[in-house]
Amino acid sequence: MAKLVIEDRCVLKGDVKVHSAKNSILPVIAASLLTPDTCVLEEVPYLYDVDIMEEVVKSIGAKVGRTNSSLTINAENINSFEATYELVRKMRASFLIMGPMLARVGKVKISLPGGCAIGTRPIDLHLKGFSLMGANITLGHGYIEAYAEKLKGETIYLDFPSVGATENLMMAACLAEGTTIIENAAEEPEIVDLASFLSKMGSVIKGAGTDTIRIEGVRELKGTNHTAIPDRIEAGTYMVAAAITGGDVIVEGVVPEHLKPVTAKLKEMGAEVQEYERAVRVRALGRLNSVDIKTMPYPGFPTDMQAQMMTAMCLAKGTSIATETVFENRFMHINELKLMGANIKVDGRSAIIEGCERLSGAKVRATDLRAGAALAIAGLCAEGRTEIHDIYHLDRGYIKIEEKLKKLGANIIRTEE
Ligand code: UD1
């Protein structure tokens, strides 16, 4: 098993380029099932989660090819309707094939995603939407089976603006009969990106990026090419890393607009953030000030940046409060940060953090993807040696994080245990 080893503190300086957004690529791969034609995705990073999504679509008969960074998907022959427990348990987003499968072939059997490290994460909103659109859904033996001769457009109000439910329903609606309106839809940039891919395939979608999305169903969709938007969470992670090390880093290949919630908080903490057309420069001198954050659906502060921002709070002057409203159990990084000397108390959905001047290196464990990122950047501000175990979580969403941090001046290596 690989681990990351970080020796001593550093000041990050230089430039770093972010990869395409994992959370855009996953639904786009699923959406490729909506057409018998070939879809080509460019600039696809070699991430573990992307591999799993490739496996999922392959397992139902799609042909997937890789040439350098482009991914070719052809789902002309769908010869299975089942996504197994073995695949779905590895990645919850596998569930995103449900909408495309129901819309294209009218049938799907998929394992329940089950519990998850960051909360129970139900799928009731997805199922409620499909059933309103006319799908017949049964649950049993850990699997969901759904049938629909032809999905019908409906008005669907989501109780919570779930990203996955919005994506799944959007994809299903593209080939449904009539008009689907998704109310209280998620507004994340990845939703807009998926809508742009679906539009290029021939879908008729309006309102993506607002809370009401309107989709006119069409009879068929065609293949297309697409490059996903830059990964705003990877970018945000390097921005926080720059600020907490008192560094000066240009994060390149980003959409600064997507980073606004993180930029605003870093500025509130005293860091300087300059925005360019496709880059941001983050500089900080000395310790950051304390700040409060509350995670919210976009354009609120992203839950996927909560753990990394907590690392910054651990090192800030004074008391900060982080409130997690999106997921119910997304504080698993706290115990690990405490091992590094952080002073954090949990009160329900809030964490109260007393900043300290420096952390101390320790053996810690990446409990999930973003927790791993929080620990990696904490290691950059710790005295002595930090060892991060279970880093396969990090590989789900960050490409070569150790190489990128090393290029910025960190003393970090990946090694086998
Ligand atoms: C996506 C992102 C994930 C991010 C999250 C919130 C992908 C692959 N993953 O996950 O990185 O942290 O958005 O920005 O894009 N919920 C229900 N019922 C449902 C669906 C969701 O109660 O049917 C709840 C969840 O339990 C959770 C909240 O809604 O508490 C948000 O979930 P959702 O927006 O669906 O997140 P994901 O799409 O799973």
Side-chain angles (χ1 to χ4, degrees), residues 20-31 45 47-53 56 88 90-99 110 112-132 137 139 144 156-172 182 184-194 197 211 228-229 231-234 236-237 258 261-262 293-309 323-333 349 368-374 393-394 396-398:
S20 303
K22 163 179 93 71
N23 287 352
S24 267
I25 293 166
L26 301 179
V28 163
I29 295 177
L47 295 169
Y48 180 71
D49 274 11
V50 174
D51 284 351
I52 303 293
M53 203 54 161
V56 172
V88 182
K90 285 190 193 156
M91 187 183 67
R92 188 189 144 81
S94 314
F95 207 74
L96 289 172
I97 66 159
M98 188 164 179
I110 185 161
L112 277 164
C116 166
I118 55 173
T120 51
R121 300 180 89 173
I123 39 139
D124 54 316
L125 300 173
H126 304 236
L127 300 185
K128 183 178 121 184
F130 292 135
S131 124
L132 276 170
I137 300 173
L139 277 87
I144 293 171
I156 304 161
Y157 174 84
L158 298 179
D159 297 339
F160 181 87
S162 152
V163 174
T166 303
E167 292 169 342
N168 230 339
L169 296 170
M170 264 168 78
M171 293 188 280
I182 309 173
N184 199 25
E187 299 175 34
E188 268 69 1
E190 292 77 15
I191 301 284
V192 180
D193 201 28
L194 175 62
F197 177 71
D211 64 0
I229 54 170
D231 198 307
R232 63 195 167 99
I233 307 302
E234 191 202 13
T237 304
H258 296 168
V262 175
I293 59 160
K294 190 179 202 177
T295 64
M296 302 282 271
Y298 190 82
F301 192 88
T303 172
D304 285 350
M305 280 299 301
Q306 179 254 108
Q308 302 89 311
M309 193 53 107
T323 305
E324 175 57 57
T325 75
V326 178
F327 289 110
E328 64 200 42
N329 181 23
R330 203 170 196 178
F331 277 158
M332 297 202 311
H333 43 283
R349 290 196 152 200
D368 65 53
L369 166 57
R370 307 302 170 187
H393 284 296
L394 259 168
R396 290 182 42 209
Y398 293 84

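Quick caveat, the model's predicted, so the values are computed rather than measured. Ligands are counted one by one from 1 in listed order, and the atoms in each one are counted from 1 as well. The first residue in the sequence is number 1, and the count goes up from there.
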Quick one: does Lys22 get an N or O within less than 3.5 Å of an N or O on ligand 1?
-> no
What closest approach, in Å, do His126 and Phe95 show between heavy atoms, and which atom pair accounts for it?
-> ND1-CD2, 3.9 Å
Under 4.0 Å from one or more heavy atoms of Val326, ligand 1 contributes atoms 27 (C), 28 (C), 30 (O), 31 (C)
Sole residue of Gln308, Arg370, Gln306 in side chain to side chain donor-acceptor pair (under 3.5 Å) with His333 = Gln306
Should you measure from each heavy atom of Arg330, which atoms of ligand 1 turn up under 4.0 Å away?
-> 12 (O)
Criterion side chain to side chain donor-acceptor pair (under 3.5 Å) against Arg396, the qualifying member of Asp49, Asp51, Asp368 = Asp49
Of Thr303, Asp124, Leu158, the one whose closest heavy atom lies nearest atom 18 (N) of ligand 1 is Asp124
Pro122 near ligand 1 by a heavy-atom separation under 4.0 Å | yes
Distance filter under 4.0 Å to Gly164 heavy atoms, resulting ligand 1 atoms = 35 (O), 38 (O)
Heteroatom distance test (Phe160, ligand 1): nitrogen or oxygen, under 3.5 angstrom = no
Do the non-hydrogen side-chain atoms of Asn168 and Phe130 ever get within less than 4.5 Å of each other?
-> yes
Is ligand 1 under 4.0 Å from a heavy atom in the side chain of Asp304, in the backbone, in both, or in neither?
-> side chain
Kindly give the heavy-atom pair with the smallest separation between Leu394 and Ala373, and that separation in Å.
-> CD2-N, 3.7 Å
Test applied, side chain to side chain donor-acceptor pair (under 3.5 Å); reference residue, Arg232; option that passes from Glu190, His258, Glu188 | Glu190
Side chain, backbone, both or neither: the part of Glu328 lying under 4.0 Å from ligand 1 by heavy atom | neither
Any idea which heavy atoms bring Thr166 and Ile182 closest together, and the distance?
-> O-CD1, 4.0 Å
Would you indicate which of Pro27, Ser162, Ala93, Pro161 comes nearest to atom 35 (O) of ligand 1 when only heavy atoms are counted?
-> Ser162
